[in-house]
Asks: 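If you scroll down you'll find the structure; I have some questions about it.
Since the structure is predicted, the reported quantities are computational estimates derived from the model, not experimental observations.
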Amino acid sequence: MSSRRPLLIPALLDDWFPLLQYAFASRHWEPVLLTEDRGLADLGLRYFHNELCYPVFLVAGQVLSALNSGRYNPARCGVLMGQAGDECRGSCGIRLTRKALDKAGYPDVALLSLNVRAIDRDTGLPITLPMIRRALAAAVWGDTLAILRNQTRPREARPGEAESLWRAWMEALGDDLRQNKPLTRRRIMARCREMTAAFRQVETIPRKIQKVAVVGEIYTKYCHLGNWNLEQFLAKAGCETGVGGLTWYALYYMDSHALKGSAPQRKLYRLLARFLGSVQQEMLDILNGAGYAALPPLSQMKRQAEGLAPLRCTVADGWLIAAEAAAWARLGYRKILCVQPFACLPGHILGKGQYAALQRKLPQARLVSVDYDASTGPGTVESRIRMLLDEELEPN
């Protein structure tokens, strides 16, 4: 019997967690990525007030569903909860989930907090250098694969080939991370070149397609549970989807938090951002050189957002939403879905609050806001998306 205990990881980053989960492996914990996807909001609502944000219900519901399955010994397993550490109410998620687990009869389940803001110190998961190296590789590889798949899939001659290739690479890269293979910067970039070469071999057919960008709150932007399989919906509609990668979000987080905290903390964030920015630029050089489009480096994207959003606004996704929308529009993704979960107060005020002004400043694009809520039916959401897809935009 393995001495390592299962560490349950709720879904959040669909295109990254299959790789990123290995960053959290240790001699104490064996990462387990949760896949439960039915009745999660209803289960979560049994233990939370219905005015909390929608992702809280889903995350708690997924954890409770996994524990209720009987596959895990509550006395031996743990749950990893990410916490942003800013004004997001999700930063209280670990405490709320603790109450829910106790009420549901799982007081022995360990809750671990993943954050860099020293929140809930007694439950914090120690962040080590090997973990950071694996996380860096997972973020860069996940970004690269998502861009390659999203731009290949609408044009593939043999349906399903891009998705199959994405899964094959996820398995191969997961082996690299699981087996603790050397993760030098040169090795990470070599893998990016190999992936790019593999996708360039996929036979494609010229087709008239719609380019649709997705911006908004992190959970609804990146997780199929939060956006009700939006990626699949757009793929079936023949769309090429543009979604900002994890390196952009990490750099935004570093940039925004470089404005906060002590002087040593701000200096550390600036140093980390400089290093990650150079890695991101190298990744982009590989992709752009092979003919694939991607958002510009975050530093450039921020400069382009001047006048579109208050760049000192760093609450939740802050200026990143406006910056991504403008950058995607410049790349030809003129139809933009702005996704938010119900009851995300920072998201609605500082995210959704930008949309009307942003639309006026981007007349060549069309922005449509979509809210995801446990009380809303899929027909309502899909009809709003269809309105965007069916609209004819004037030529640039």
Asks: Using a 4.5 Å cut-off on heavy atoms from C-beta on, say whether the side chain of L230 contacts that of I385.
Replies: yes

Asks: In terms of side-chain geometry, is the basic nitrogen of K221 or D317 positioned less than 4.0 Å from the acidic oxygen of its partner?
Replies: no

Asks: Can you measure from CZ (F57) to CG (L96) and round to the nearest 0.5 angstrom?
Replies: 10.0 Å

Asks: Under a 4.0 Å N-O cut-off, is there an ion pair linking R167 with E163?
Replies: yes

Asks: My understanding is that only residues two or more places apart in sequence, or in another chain, count here; which of them pass ring-ring contact (aromatic ring centres under 6.0 Å, His included) with Y333?
Replies: W328

Asks: Under the salt bridge (Lys or Arg N to Asp or Glu O under 4.0 Å) test, which residues partner R185, sequence neighbours left out?
Replies: E282

Asks: Using a strict threshold of under 4.0 Å (side-chain N to carboxylate O), is an ion pair present between D102 and R98?
Replies: yes

Asks: Under 6.0 Å between the ring centres of W228 and Y372?
Replies: yes

Asks: I'd like to check the salt bridge (Lys or Arg N to Asp or Glu O under 4.0 Å) partners of R155; sequence neighbours left out, ordered by chain and number.
Replies: E240

Asks: Verify the neighbour count for atom CZ of R330: are there more than 12 heavy atoms of other residues, nucleotides or ligands below 6.0 Å?
Replies: yes

Asks: Hey, are Y292 and N150 close enough side-chain-wise for a donor-acceptor pair under 3.5 Å?
Replies: no

Asks: Flag the pair R153 and E156 as a salt bridge only when some basic side-chain nitrogen lies within less than 4.0 angstrom of an acidic carboxylate oxygen.
Replies: no

Asks: How about CZ on R187, more than 12 heavy atoms from neighbouring residues, nucleotides or ligands closer than 6.0 Å, or not?
Replies: yes

Asks: Would you say the ring centers of W319 and Y252 fall short of 6.0 Å from each other?
Replies: yes

Asks: Could you grab the distance from atom CD of Q21 to atom CG of L7, nearest 0.5 Å is fine?
Replies: 10.0 Å

Asks: Looking at W16 versus Y222, is the centre-to-centre ring distance below 6.0 Å?
Replies: yes

Asks: With a cut-off of 6.0 Å (strictly less than), are more than 12 heavy atoms of other residues, nucleotides or ligands near CZ of R71?
Replies: yes

Asks: Rounded to the nearest 0.5 Å, what separates atom CG in N229 from atom CG in N227?
Replies: 7.0 Å

Asks: Checking side-chain polar atoms at under 3.5 Å, does Y54 have a donor or acceptor matched by the opposite partner on E217?
Replies: no

Asks: Would you indicate whether K181, at its atom NZ, is surrounded by more than 12 heavy atoms from other residues, nucleotides or ligands within a distance under 6.0 Å?
Replies: yes

Asks: Same hydrophobic cluster for Y253 and I132, using side-chain heavy-atom links shorter than 4.5 Å among ILVMFWY?
Replies: yes

Asks: What do you reckon, is CZ of R27 surrounded by more than 12 foreign heavy atoms closer than 6.0 Å?
Replies: no

Asks: Report the distance from atom NZ of K302 to atom CD of Q304, rounding to the nearest 0.5 Å.
Replies: 13.5 Å

Asks: With a 4.5 Å limit on heavy-atom distance, are the side chains of R386 and L389 in contact?
Replies: yes

Asks: Check A305 against L311 and note the closest heavy-atom contact, atom names and distance.
Replies: CB-CD2, 4.1 Å

Asks: Flag yes if F275 and I286 sit in one hydrophobic cluster, no otherwise; membership is Ile, Leu, Val, Met, Phe, Trp, Tyr, and two members link when side-chain heavy atoms are under 4.5 Å apart.
Replies: yes

